[in-house]
Structure formats: C-alpha cells, structure tokens
J.: 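Structure incoming, see below.
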Amino acid sequence: MRNTLLRETALAFALGAMAALGQAPWGLWFLSVPAFAALIWCVTTSGRPTLSAWLGGAGYFAVALSWIVEPFLIDAETYAWMAPFALFMMAFGLALFWAAAGYAGSRARRHPALAFALALTLAELARGYVLTGFPWATPGHIWIGTPLDQAAAYVGPNGLTLLTLLAASLPVAAYWRGTIAGLGLLGLVAAGGAWRLSIPLPPDRPSTLRLVQPNAEQRLKWDASRARTYLDSQLAMTAKAPVADLTIWPETAIPYLFEDSPEVASLITDASGGRPVALGIQRVEGQRFWNSLRVVQDAGDIVQTYDKYHLVPFGEYVPFGDLAQDWFGLTAFAARSGNSYSPGQGAAVLDLGPALGKVLPLICYEAVFPQDLRAAPERADWILQITNDAWFGIRSGPFQHAAQAALRATEQGLPLIRVANTGITQVIDAHGRVRSSLPFGTMGALDTTLPGALPPTPFVRWGEIPVLVLLAGLSLLTLRRKPRPMA
C-alpha cells in the first residue's frame, strides 16, 4: 500500500513537471499535451484523486515558476536561504487549486476524465482572481506563438486552457476515438488561427517610437555612484538623431525622485528636443510612494501620469499593511508610512494627441491580468507595457512574462509596445506576433512605427462569459442520467 502511494504521487509530480515544459521559453507543447492526458488518467484512476492532483500541480508549478527564486539571489548573501522555501510554498500553495479540482472531479457521477478537466479549468480561472489573482503559466499559455493562440481573441486565456485540458481528457475518456477527436479539435482551432493570422492588419501609424533598453543590473541599479551613468546612457540613446516622436524608457528608469530632482525632467526633454518621453518613475506625495509612468515634454512639463494599481503582494506591498498600523501601531508594512507602494486609482487610458493616439499603460505585473485591460474606461489605440524584468533572472521568467504580454495583444486586437530594462523589449502587432525586438540582456534602442489596431474582439466584449457557458454546458455530461421509468 505504501509503495503504491509513493509511486502514484511520484508519477503525478513528474507528469505535472513534464506538462510545464509547454511554457516559455521551452515551448514543448507536444510534450505538454500528452503529459496532461497522462496526469488526468493518473488522477481519475487513483484512489486518492485529491492528493494526486495536488502533487501534479506542485510538479507543474515547481518547473513553470522556477524563476521565483531569482529575486532572492539579487542580494544572495542576505536572502538566498529563502529561495527554496519560496519555490516550495509557491508550488504547493498554487497546487491547492488543482487539489480542489481533483476532489471536485472525483465527485462526478459520469465521465471522470472530462469532469476533472472541467474542474481544473474552473480552478485555473479562479486562480486568476482569488486574493488579487495570479494567472501566470496557465495550461493554455502553451499555445502562445502558435496559430492556436488566436482563439484567445474569442475566449481568452481560460478558453485556451479549456481547449488544452479538453483535448487531453478525450484520449483518457475514449481511447483511440478520443485521441482522434482531441487531435481533430486542436487541428480545427489551429486552422481557424491560421486563417485569422492571414487577415492583413491595418497600416501602421506614421508616428515613430524609440524604445530604450538601458540594461541596468538590478543589484547595482540603485547604487548612487552609478545613478548618473544609467541616466546618461538613456539620455544619449534618446538624443540620437533623428529624434523619435515618442521615446519610451522602462519601469523605474530614473534612479531619482522627480520631486527631489526637478532638473531631471528638463535633462530628459532637452535630449528629446522637447518631444514627449514616457518613462517609469517612483512618485512620492508626503509619505506615500507610487510605481508610476510619467510623460514629460517641452521644457520638462509633466503632461500625463499613471500609477500602477495592481501591485505585487509582498513584493510591492504587504496585504493589510495600513490596517496593521491602525490596529497594532505597526508601521513597517504600511503604505501610508512610505514602507510599500500605494495602489493607483485603476486602469486608465492616456491621450497622447492625434499623432500618437490613446494608449493603455501597464506597468510590469499588470500585463498578466486580462481583466485589468478589459477594465479600461475606453478603447485605446495601443497598449504600452513598461517593465523591469531584471527581477526575473535570465532563464524562464522574462520569457514567460513577454509571452503573456503578447497574448494580451491577441485578446485585445491591439498592438503592444513592450519596453524592458534588461529585455525583452518588443514591438507586438494586433495578432500578438513580434515584429521586432532588442536582444535580451543588452543595452540599445529600437526605432519603430506603431502597428495598426483591429476592431474590438469578442473577448473584449464578452470576457469570460463564453468559457463559463461552455463549462456549464459540458458539466451536464458528467451528471448521472435519469433512470427510464418502468413500462
């Protein structure tokens, strides 16, 4: 009995780990799909489906989120000891959603494989919302960069997850017939995606953009002796002729507070010839700080400001930090005492004038939440993400982050301009395809025009409703049929 339990749990963990290889940067979806199928079989045939699903999820997240150790290695002498604990807690904590799906699937009266696939889709959807959400590395992300990702314009990332798990469950439910049906389903969606990609995009806007990637090393970025060096490198790239209509610097590009160093804004607009520059800053009012994007032009005039509102828990703020100050007098975690960031007012659209149009700004982590883009008060002409992916290391984190940003472009039918400190800086069209980029981990500037936008997609209009309707309809198949009345 004990050996059987050990084999079941080890197999589930290994299959979950294998399924994660479909995520960026590996992109091995052809291993991921059969791994999901085998995991579904493992969970539905196990005497302990909840445990098997939990271990499968732990293996999946341990691989997919292995980059989570990187922030602890920035100051390794102080924080490296915490890295394995962070990965362990993240992997097994997020896997509780999968455990809940394993339990729910085991309660179905018919078609247990389908029931688990549907329950896991619902669990992954919930993961994107519960406790501010964390929809990173959902199963549907394995299709980013393939024609199948175009389905996100209709059903979003959770629709891609439903597609993935449904195709993986069919071979378990119906063997060879199910395998053929699963492959047919994926092939049909891929054909539809290829057709959508063949539709020409609108012409580019004539305005020029310059994307500045300073490649500031995270552990040295805030070193006072290097602050002017990093600023000067960005000024030099901004001033290079011909100057762009809009220059964009990454998240927290300025190692100074504008409020304390008002001359910095003038230095920036002197370099741009008075043309607008959008850049990431830390903004302060009293004792409160914000992670912000600011647009300056002319003689250093501030014309637009956006404050990040979807903050990273425990990274940019501590949950209930202000309440801890009110109730217990603890100021160490309180945003209003300057010990973490304060959230902005919400999603916003900035009007940059007729030539540049209206832009939906995102700062770093906000690009992983499709609901944040749908919360914008009006339709933008393009999306701008500024980020500092140096926190994510050089292995998988920056590539997964960039892949999710590309999926936002597909979902919205809008071009996305991504400007990162160390990379990945990219120009992404309204189909979610990368048109040009800067090499990762290098200093440089990329000049580009702004790709054209598509009309609002079905996902923009309906959000998660189609997926929820599909889940509700398919779940009826897992209910026991009513017995026929006796003649």
J.: Show the nearest heavy-atom pair for residues Trp290 and Pro343, with the distance to one decimal.
T.: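 Residues Trp290 and Pro343, closest heavy atoms: NE1-O, 3.5 Å.
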J.: Once you measure the plane-to-plane angle for Phe134 and Tyr365, does it fall in the parallel (<30°), tilted (30-60°) or perpendicular (>60°) bin?
T.: parallel
J.: Could you check whether any side-chain N or O of Trp54 sits under 3.5 Å from a backbone N or O of Phe92, counting only pairs where one atom can act as donor and the other as acceptor?
T.: yes
J.: Got Thr457 and Gln412 here, is their nearest side-chain heavy-atom distance under 4.5 Å?
T.: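 Not touching, per the 4.5 Å side-chain cut-off.
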J.: Within a 6.0 Å radius of atom CH2 on Trp41, are there more than 12 heavy atoms belonging to other residues, nucleotides or ligands?
T.: no
J.: Tell me, with the steps shown, if Ser52 and Ser46 meet side-chain hydrogen bond (donor to acceptor under 3.5 Å, both in side chains).
T.: CA-CA 7 Å; Ser52 293; Ser46 170; 3.1 Å; yes
J.: For the pair Thr422 (side chain) and Asn215 (backbone), establish whether a donor and an acceptor sit closer than 3.5 Å, ignoring hydrogens and angles.
T.: no
J.: Can you measure from OG1 (Thr50) to CZ (Arg48) and round to the nearest 0.5 angstrom?
T.: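 Nearest 0.5 Å value for the OG1-CZ distance: 11.5 Å.
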J.: Between Gln282 and Leu257, is there a donor-acceptor pair closer than 3.5 Å when you use the side chain of the first and the backbone of the second?
T.: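 Absent.
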J.: When the side chains of residues 93-106 are checked against the rest of the protein, which donor-acceptor pairs come out under 3.5 Å, sequence neighbours left out?
T.:
residue: Trp98; atom: NE1; partner: Glu124; partner atom: OE2; Å: 2.9
residue: Ser106; atom: OG; partner: Tyr103; partner atom: O; Å: 2.6

J.: Name the residue from Val296, Val264, Thr238 that meets the side chain to side chain contact (heavy atoms under 4.5 Å, CB included) definition with Leu279.
T.: Val296
J.: Could you state the interatomic distance from CG (Leu6) to CG (Leu11), rounded to the nearest 0.5 Å?
T.: 11.0 Å
J.: Would you please say whether a donor-acceptor pair under 3.5 Å links the side chains of Glu366 and Tyr309?
T.: no
J.: Once rounded to the nearest 0.5 Å, what's the spacing between atom CG of Leu39 and atom CE of Met18?
T.: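 If we round to the nearest 0.5 Å, Leu39:CG and Met18:CE are 11.5 Å apart.
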J.: Measuring from atom CG of Asp322 to atom CG of Asn339, what distance do you get when rounded to the nearest 0.5 angstrom?
T.: 10.0 Å
J.: Between Leu356 and Leu450, is there a side-chain heavy-atom distance shorter than 4.5 Å?
T.: no
J.: What's the spacing between Ile386 CD1 and Leu293 CG if we round to 0.5 Å?
T.: 4.0 Å
J.: Mind checking whether Tyr60 and Phe36 have parallel, tilted or perpendicular rings, split at 30° and 60°?
T.: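 Tilted.
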J.: Start with the C-alpha distance between Leu118 and Leu122, add both sets of side-chain angles, then the distance that settles side-chain contact (heavy atoms from CB on, under 4.5 Å), and finish with yes or no.
T.: CA-CA 6 Å; Leu118 298 178; Leu122 186 61; over 6 Å; no
J.: Does the side chain of Phe459 reach to within under 4.5 Å of the side chain of Pro370, using non-hydrogen atoms?
T.: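 Yes, close enough: below the 4.5 Å cut-off.
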J.: Quick one: which of Asn291, Asn388, Asn421 gives a side chain to side chain donor-acceptor pair (under 3.5 Å) with Glu251?
T.: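 Between Glu251 and the candidates, side chain to side chain donor-acceptor pair (under 3.5 Å) is satisfied uniquely by Asn291.
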J.: If only atom types and distance count, is the side chain of Arg435 paired as donor or acceptor with the main-chain N or O of Val427 below 3.5 Å?
T.: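 No, the answer is negative, given that no donor and acceptor are paired below the 3.5 Å cut-off.
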J.: For the residue pair Ser396 and Gln23, confirm or rule out a side-chain donor-acceptor distance under 3.5 Å.
T.: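 The criterion, which ignores hydrogens and geometry beyond distance, is not satisfied for Gln23 and Ser396.
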J.: Is the shortest side-chain heavy-atom distance between Cys364 and His401 below 4.5 Å?
T.: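 SC-SC contact between Cys364 and His401 confirmed.
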J.: Minimum heavy-atom separation for Gln304 and Asp351, please, with both atom names.
T.: NE2-O, 3.0 Å
J.: Please give me the minimum heavy-atom distance between Gly432 and Thr410, naming the atom from each residue.
T.: CA-OG1, 3.3 Å
J.: Quick one: closest heavy-atom pair of Val359 and Ile383, and the distance?
T.: CG2-C, 4.2 Å
J.: So does Phe72 have more than 12 non-hydrogen atoms from other groups sitting under 6.0 Å from CZ?
T.: yes
J.: Would you say that more than 12 heavy atoms from the other residues, nucleotides or ligands in this model lie under 6.0 Å from the CD of Gln345, or not?
T.: no
J.: Go through the steps for Phe258 and Arg294 under the test side-chain contact (heavy atoms from CB on, under 4.5 Å), then give the verdict.
T.: CA-CA 10 Å; Phe258 268 27; Arg294 181 162 279 174; 3.7 Å; yes
J.: For Leu28, is there any backbone N or O sitting under 3.5 Å from a side-chain donor or acceptor partner on Ser32?
T.: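 No, because the side chain of Ser32 does not come within donor-acceptor range (under 3.5 Å) of the backbone of Leu28.
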J.: Decide yes or no on side-chain hydrogen bond (donor to acceptor under 3.5 Å, both in side chains) for Gln426 and Arg418, but give the supporting numbers first.
T.: CA-CA 5 Å; Gln426 295 177 324; Arg418 188 173 198 273; 5.2 Å; no
J.: Looking at Leu446, Thr247, Leu246, Leu384, which one forms a side chain to side chain contact (heavy atoms under 4.5 Å, CB included) with Leu211?
T.: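 When side chain to side chain contact (heavy atoms under 4.5 Å, CB included) is applied between Leu211 and each of Leu446, Thr247, Leu246, Leu384, only Leu446 qualifies.
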J.: Are any of the side-chain heavy atoms of Leu148 and Ile142 separated by less than 4.5 Å?
T.: no
J.: Within the supplied structure, the quantity of interest is the number of heavy atoms (other residues, nucleotides, ligands) at a distance under 6.0 Å from Phe30 CZ; does it exceed 12?
T.: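 Count over threshold, so yes.
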J.: Determine yes or no for a side-chain-to-main-chain donor-acceptor pair under 3.5 angstrom, with Glu259 supplying the side chain and Glu285 the backbone.
T.: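 Side chain of Glu259 to backbone of Glu285: no pair is present.
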J.: Apply side chain to side chain contact (heavy atoms under 4.5 Å, CB included) to Asp381 and list each qualifying residue two or more places apart in sequence or on a separate chain.
T.: Arg205, Lys358
J.: Flag the pair Asp307 and Arg288 as a salt bridge only when some basic side-chain nitrogen lies within less than 4.0 angstrom of an acidic carboxylate oxygen.
T.: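 No.
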J.: With a 4.0 Å cut-off, would you call Asp232 and Arg228 a salt bridge?
T.: yes
J.: Any side-chain heavy atom of Ile254 within less than 4.5 Å of one from Trp249?
T.: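 The answer is yes, as the side chains (C-beta and beyond) meet within the 4.5 Å cut-off.
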J.: For Trp462, does the CH2 atom have more than 12 heavy-atom neighbours from other residues, nucleotides or ligands under 6.0 Å away?
T.: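 Result for CH2/Trp462: open.
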J.: Taking Met237's backbone N and O only, do any of them form a donor-acceptor pair with Arg210's side chain (distance below 3.5 Å, no angle check)?
T.: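 Yes; judged by distance alone, with no hydrogens or angles, the pair exists.
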J.: Would you please test Trp136 and His141 for ring-ring contact (aromatic ring centres under 6.0 Å, His included) and show each step?
T.: CA-CA 9 Å; Trp136 196 294; His141 288 167; 8.6 Å; no
J.: If every non-hydrogen atom of Gly128 is compared with every non-hydrogen atom of Gln371, which pair is closest and at what distance?
T.: O-NE2, 2.9 Å
J.: Are any side-chain N or O atoms of Asp301 and backbone N or O atoms of Val303, one a donor and one an acceptor, separated by less than 3.5 Å?
T.: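 Absent.
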J.: Hey, is the main chain of Gly300 close enough, under 3.5 Å, to the side chain of Thr269 for a donor-acceptor pair?
T.: yes
J.: Taking 4.0 angstrom as the limit, do Glu411 and Arg374 come out as a salt bridge?
T.: no
J.: Surrounding OH of Tyr129 (heavy atoms of other residues, nucleotides or ligands, distance under 6.0 Å), is the total greater than 12?
T.: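 More than 12 within 6.0 Å, yes.
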J.: Is there a side-chain contact between Arg408 and Pro157 (heavy atoms, below 4.5 Å)?
T.: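 Yes, their side chains come closer than 4.5 Å.
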J.: Assign the ring pair Trp29 / Trp143 to parallel, tilted or perpendicular, where the plane angle (0 to 90°) is split at 30° and 60°.
T.: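 If you compare the ring of Trp29 with that of Trp143, the planes turn out tilted.
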J.: State, yes or no, whether a side-chain contact exists between Phe399 and Ile424 at a heavy-atom distance under 4.5 Å.
T.: yes
J.: Check for a donor-acceptor pair, side chain of Thr252 on one end and backbone N or O of Gly280 on the other, with a separation under 3.5 Å.
T.: no
J.: Between atom CZ of Phe440 and atom CG of Asp389, what is the distance when rounded to the nearest 0.5 Å?
T.: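 The CG atom of Asp389 is 7.5 Å from CZ of Phe440, to the nearest 0.5 Å.
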J.: Which atom pair, heavy atoms only, marks the closest approach of Val33 to Ala168?
T.: O-CB, 3.9 Å
